[in-house]
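Letters A, B, ... mirror the listed sequences (proteins, then strands); counts begin at 1.
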There are 2 protein chains.
Amino acid sequence: MDMTAKLTAAAERLFDRHGYMATGMDQLTAAAGMSSRTLYKHAGNKAQLMARVLTERDRRFMARLEVQSVDALFAALEDWVRAEGTRGCLFLRSRAETGGDTPEIAEAVAMHKAAFYQRIGEVVATDLGREDPVLAEQVLVLLEGATHAAVYRGADAVSAARAAAAILIERART
Amino acid sequence: MDMTAKLTAAAERLFDRHGYMATGMDQLTAAAGMSSRTLYKHAGNKAQLMARVLTERDRRFMARLEVQSVDALFAALEDWVRAEGTRGCLFLRSRAETGGDTPEIAEAVAMHKAAFYQRIGEVVATDLGREDPVLAEQVLVLLEGATHAAVYRGADAVSAARAAAAILIERART
DNA sequence: TGTAATGTAAAACGAACGTTTTACATTGTC
DNA sequence: GACAATGTAAAACGTTCGTTTTACATTACA
């Protein structure tokens with residue numbers, strides 16, 4: 001594992017757990033096990049580091065959404081939540097923490113959410129045999145809602161969302 | 001408008017727009033139009049100020065949810081979003097920004113989310129004529145999802161959630 | 001063997017942080 | 001007319017912030 005990967009992994013953990021603003025560069029150097037000189041050589045600055053964390057997270061999250069059915073989307077979210085915990089969406093959180101005023105971060109978030117929206121549309125179309133933009137928007141709302149409700153309602157929120165999506169899909173099919 | 005109310009209103013605006021951590025006390029004194037001495041006399045400290053902002057916001061938000069039907073819940077959210085904008089849930093955001101490690105904030109958020117969950121259960125029971133915990137959880141997920149999806153999808157997310165809830169309610173009724 | 005690259009350790013940078021203090025003005029009330 | 005109470009303005013507190021710099025060690029390769 002090279003320095004860049006070690007840094008990105010450590011940064012994701014700290015940013016996700018404590019927030020972007022609340023995480024200091026000295027905590028990052030300590031967690032990544034490197035000097036600040038090396039950190040800045042690899043990361044550029046704090047905002048660029050966060051942007052790289054988000055890009056890497058997008059890659060990892062979107063890989064789990066390479067599925068053929070809407071139900072599998074919720075199964076993937078259940079797996080994600082089990083593996084990564086329930087702290088809400090890191091993309092929306094980091095964007096909100098910076099008020100949308102940090103270009104690198106705002107762009108990484110916009111990229112991810114656009115890809116997320118598109119993937120849902122594709123999965124809905126595959127599952128249904130036709131496009132259904134309204135249903136896709138509803139599935140997106142359910143996924144986003146499950147992610148955020150799980151913070152205080154736990155895994156029940158995800159399974160409730162999954163069941164709701166099944167009803168909507170069934171209704172759209174007939 | 002007394003100093004406390006003026007301070008709370010200014011603080012809510014800044015915390016909501018720029019985030020809790022990113023908002024400095026000097027920005028708060030400037031926006032509230034008072035000296036830092038007065039601010040600290042009324043607010044105690046920054047975390048207590050945020051907690052008071054959340055409590056006040058809870059009061060204002062929950063007042064809008066005094067309705068009799070699930071559909072009216074979504075209408076209320078549409079009104080809220082129109083009036084206050086779409087920046088996600090300030091409660092979850094401030095909790096995440098502080099990693100849940102600031103007791104005053106964590107408690108204010110827990111209070112609000114418990115009240116929110118309970119209110120949804122009551123409205124579902126009123127609308128349906130009986131309790132339905134699973135449906136209530138689904139309505140909660142849709143409301144939470146609409147709130148967060150609206151950040152990047154706009155008001156469409158709220159109306160999609162509203163339509164989805166109508167389908168779930170109709171199905172539960174028959 | 002020399003040199004460029006890559007790393008550490010630690011001090012230093014100025015700026016900004018949340019909070020307290022000092023000094024003073026204005027008010028309403030007994 | 002004295003006295004709390006409540007406010008402002010502004011300096012000061014020590015700490016921490018993100019970032020850069022200085023000085024030095026280790027490695028890899030021509």
Calculate the interatomic distance between D26(B) atom CG and dA11(D) atom P; express it in whole Å. 15 Å

With respect to the side chain of M34(B), which nucleotide from dT19(C), dT19(D), dT8(D) is positioned closest? dT8(D)

What is the nucleic acid contact for T29(B), judged by heavy atoms within less than 4.0 Å: base, sugar-phosphate only, or nothing? nothing

Modelled atom types, side-chain donor and acceptor of Y40(B) and Q48(B), under 3.5 Å: no

Decide side-chain contact (heavy atoms from CB on, under 4.5 Å) for E137(B) and I120(B); before the verdict, give the C-alpha distance in whole Å, the side-chain angles of both, and the deciding distance to 0.1 Å. CA-CA 8 Å; E137(B) 191 90 45; I120(B) 291 169; over 6 Å; no

Between C1' of dT22(C) and OH of Y40(B), the distance in whole Å: 17 Å

Nearest to the S35(A) side chain among dG18(D), dA9(C), dG7(D), which nucleotide is it? dA9(C)

F61(A) vs W80(A) aromatic rings, parallel, tilted or perpendicular, using cut-offs 30° and 60°? perpendicular

Between Y117(A) and E122(A), do the side chains contain an N or O donor and an N or O acceptor separated by less than 3.5 Å? no

In whole Å, I'd like the distance from the CE atom of M25(B) to the C1' atom of dA16(C). 14 Å

Confirm from the modelled atom types if S36(A) and dT19(D) form a donor-acceptor pair under 3.5 Å, side chain to base only. no

Between R57(A) and E12(A), is there a side-chain heavy-atom distance shorter than 4.5 Å? yes

Take the protein atom CG of L28(B) and the nucleotide atom C1' of dG18(C), then report the distance between them rounded to whole Å. 11 Å

What is the separation between atom CG on L39(A) and atom P on dT20(D), rounded to the nearest whole Å? 11 Å

Atom-pair distance (NZ on K6(A); C1' on dT6(C)), nearest Å: 13 Å

Reckon G44(B) touches a base, only the sugar-phosphate, or nothing at all at heavy-atom distances under 4.0 Å? nothing

Check this for me: does the side-chain of R37(A) come within 3.5 Å of the base of dT22(D) through a donor and an acceptor? yes

Which comes earlier along DNA chain D counting from the 5' end, the contact point of N45(A) or that of T38(B), where each point is its nearest nucleotide? T38(B)

I need the CE-P distance between M3(B) and dG7(D), as an integer number of Å. 6 Å

Round to a whole Å and report the spacing from CE of M21(A) to C1' of dC17(C). 12 Å

